[in-house]
Amino acid sequence: MAKVIVDVPAKQTDRPFDYLIPANLLGCISPGMRVVVPFGPRKVQGFVVAVETQSSFDHLREIIEPMDIEPVLNEELLYLSDWLTEHTLCYKISAFQVMLPPALKAKYEKKIKLKSRPFIHELDEAIRPFFYEKDILHWDEVLKSGQLSVFQKSTAAGKLEVLYEVKERVKKKQVKMITSLVKKEDLDRLEIKSGKQKQVLEYFADNPESIERKYLLKTLNISSSVLKSLIDKGWVEETVKEVYRDPYEDRIIQKTEPLKLTNEQSAAIGPILSSIEGEKHEVFLLYGVTGSGKTEVYLQSIQKVIAQGREGIVLVPEIALTPQMVNRFKSRFGDQVAVLHSGLSVGEKYDEWRKIQRKEVKVAVGARSAIFAPFENLGIIIIDEEHETSYKQEDNPRYHARDVAIERGKRHQCPVVLGSATPSLETFARAKKGVYKLLTLSRRMNDHNLPDVQIVDMREELRDGNRSMFSRILHEKIEERLVKKEQIVLFLNKRGHSSFVMCRDCGYVIQCPNCDISLTYHRFNQQMKCHYCGYEAMVPNVCPECGSDHIRYFGTGTQKVEEELGKIFPEARVIRMDVDTTSRKGAHEKLLTAFYEGKADILLGTQMIAKGLDFPNITLVGVLSADTMLHLPDFRSSEKTFQLLTQVSGRAGRHELAGEVVIQTYSPEHYSIELAGEQDFDKFYQREMMMRKVHQYPPFYYIALITVHHEELLKVVDTIEKITRFLHSRLSRNTLILGPVASPIPRINNKYRYQCLIKYKREPGLTQILKEILDHYGKEAHTNGLQVSIDTNPFILM
DNA sequence: AGCACGCCGACT
DNA sequence: GTCGGCGTGCTC
């Protein structure tokens, strides 16, 4: 008997169901395998979590078939799924699915079949023609026909039968291989009339090993009919071979050797190496300024792990996972590296994952979900840019890769290295307390200085009559670089053209009809777009409120800056990088390469250019507006601003040429901007810690966020109030409960949102209490659409 | 999640 | 009297 978690993400099915193992499969079914099981009238995918001899349930049904020969989840990952479920309060099935490549998620098909040909005469005329030429009909054809009830009646009468199928999402890629069956010495004895056929066999005489079919056709310039007759004669053989899709196929990668470490690097790597050697679990914070050579420390630590016969995981933020970054690992470790990131197709991800599972690689480099790489003998886990918020998944299961890393580190008795120039406050606080070991790299490699940073008060510019988006000083410095043929990076944390569209007469701001948020103007198609629900509309000619035609665009996005640059510096060649210009596959890389090769003077972009860029000719970085994030309703907004400004500044002057940074702002006195200007993380840390203490936020308190969503405002308010009252009755007096209040964006996609924030220091029963809430309201989600979501460590409070 | 079962109002 | 609306409960 097998205990199976079925692929039905709902409260009521979030427990194991027991199934008999059919006699022919006895011994073939083990925990961690996917199986197809009957569930009610249909078939679903399930995960075997245990194999036992007894069941408390009498009427067991049988497993239909296994979907794997080997388990896809090993023992550790099964354990980890329990941990995930417990910590993020998600369904078991969601935990399994997040740990596996999407290719392994089942695809369901529903069909209807004529049970037996003669029945066709007994079918209702309305549906009879559907079965004239075939017995099986896709369910969507049934729905499209508008005759659903007739189909149902015939099904009930036993004339038709509903089929449920569970399918694999992706096939293993196969190629056709050709092998010669003729030995070289036998060649002359054959009567070969055709010159082409002879040519093929002669080729094989010199190259006896198998060759890919399409490659053979191309190199010998023959048609497939030549091959066909050879196969018919039994002189060559065609076979299929399973291959990996290789996203890095046509790239030539030069091998690199370990670099000599600086004194600081050697001092930092020492404790990591001894932790690897001693197979000891420790968490290190590698705190190193931008350009201080953290990556080399990672590379050499991994080297050690590989030498020990163990494996390593390296997490890199999605936007920093550039080919440049990947190449650094591939060039050191060659084909021992698997790369997992969102740019890959489902099939490519699956193949990279299989390389790990089959132990064909030693290192996995990837974004957040790579933390679940199915290694069995981990020797190190590295998280680069540890403070990045993209390590937190914002939908279920709402896990933080850092927490998962530490949990896996404990199981494998291996070190976890968190690297950053601007660590998150939580991490730095732990490092200061000694919970994590602090390793510092305070100097840039080759002793290049950190760039000079200048903060410009844009209010003053305005007062002096400069209404442009460029301050005089930035304008001047851009001109200077253009003359000197040095490169410039301009950063603006807002894509699109303008952030909102407003009527100048009455002040009406055009809003999304489904969400409580203003629409963003996109120039290229003259449309306004909602970044939350995707709603699009044309810009109105007159104000919908007062009828005035003074419609104006406010707030500046990258598109508008690009236009402006064209006007002010017509000679400058500009590359714009944001979600809109990099969505096509490979576009990201292409733009960066072009910039690297000097095909542009100015790189203008959003977040995505803040990281990893390491180009020698960049000597000026301009931050057009440092404030965009500062005033968001989020207790981490100062931290995020500081981190971003520091990261962007770090792009300048990394090599021989000295770098300069200009930061434009309307709040130059704000400590996160001022201290980013001084590039003084330690001082920032102290200031921000004081703020967090006063306002009772992490790392002084833990937080949990409960959000209720529903189309009816009343229902939402009523529910969140009940939940809040329940929390007050159950939580300790030292715990703070904020709210209920409307979420900062009170309505998204026509659903109202109210929330309540719990801040606590010690609350041992919290998980249990939160589970009770989910249990209680979980049923309602299904019946009336009321949605209660809980995040036990929220990063976005909106 | 799906699906069946079952109980009420609007029709042939 | 029957068809079809959707509220309720179950799936090993």
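In what follows, every chain begins at residue 1, and chains take the letters A, B, ... in the order their sequences are listed. Bear in mind the structure is a predicted one, so any value in this text is a computation, not a measurement.
- For Lys43(A) and Glu165(A), the salt-bridge test fails: no basic side-chain N is under 4.0 Å from an acidic carboxylate O.
- When the P atom of dC3(B) is taken as reference, atom CG of Leu148(A) falls 10 Å away, rounded to whole Å.
- Using a 4.0 Å heavy-atom criterion, one finds that Tyr108(A) contacts no nucleic acid atom at all.
- Comment: Asp140(A) does not engage Lys144(A) in a salt bridge, judged by the lack of any side-chain N to carboxylate O separation of less than 4.0 angstrom.
- Residues Lys113(A) and Asp135(A) are not paired through a salt bridge, judged by the lack of any N-O separation under 4.0 Å between the basic side chain and the carboxylate.
- In this structure, the CD1 atom of Ile93(A) is 15 Å from the C1' atom of dG2(B), given to the nearest Å.
- Listed pair Lys110(A) / dC3(B) meets the phosphate criterion, a side-chain N or O lying under 4.0 Å from OP1 or OP2.
- Geometric assessment of Arg61(A) against the ring of Tyr19(A) yields a negative cation-pi assignment under the 6.0 Å and 45° thresholds.
- In this structure, Lys43(A) places its NZ atom 16 Å from P of dG2(B), rounding to the nearest Å.
- Between Gln45(A) atom CD and dG2(B) atom P the separation is 14 Å, expressed in whole Å.
- dC3(B) atom C1' lies 16 Å from atom CG of Leu163(A), rounded to whole Å.
- Legend: residues meeting side-chain hydrogen bond (donor to acceptor under 3.5 Å, both in side chains) with Asp395(A), ordered by chain and number and at least two apart, are Gln393(A).
- The number of heavy-atom neighbours closer than 6.0 Å to CD of Glu75(A), taken from other residues, nucleotides and ligands shown, is 12 or below.
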Take Glu122(A) and Lys159(A), measure what salt bridge (charged side-chain N to carboxylate O under 4.0 Å, His left out) needs, and give me the verdict at the end.
CA-CA 8 Å; Glu122(A) 296 167 41; Lys159(A) 311 274 183 293; 3.5 Å; yes

How would nucleotides 7-12 of chain C be written as a contact map, 5' to 3', with B for base contact, S for sugar-phosphate-only contact and - for no contact, using protein heavy atoms under 4.0 Å?
--BBBB

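- Looking at Glu426(A) and Arg636(A), a side-chain N of the basic residue comes within less than 4.0 Å of a carboxylate O on the acidic one, giving a salt bridge.
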Give the B/S/- string for nucleotides 7-12 of chain B, one per nucleotide from 5' to 3', where a protein heavy atom under 4.0 Å of the base yields B, of only the sugar-phosphate yields S, and otherwise -.
------

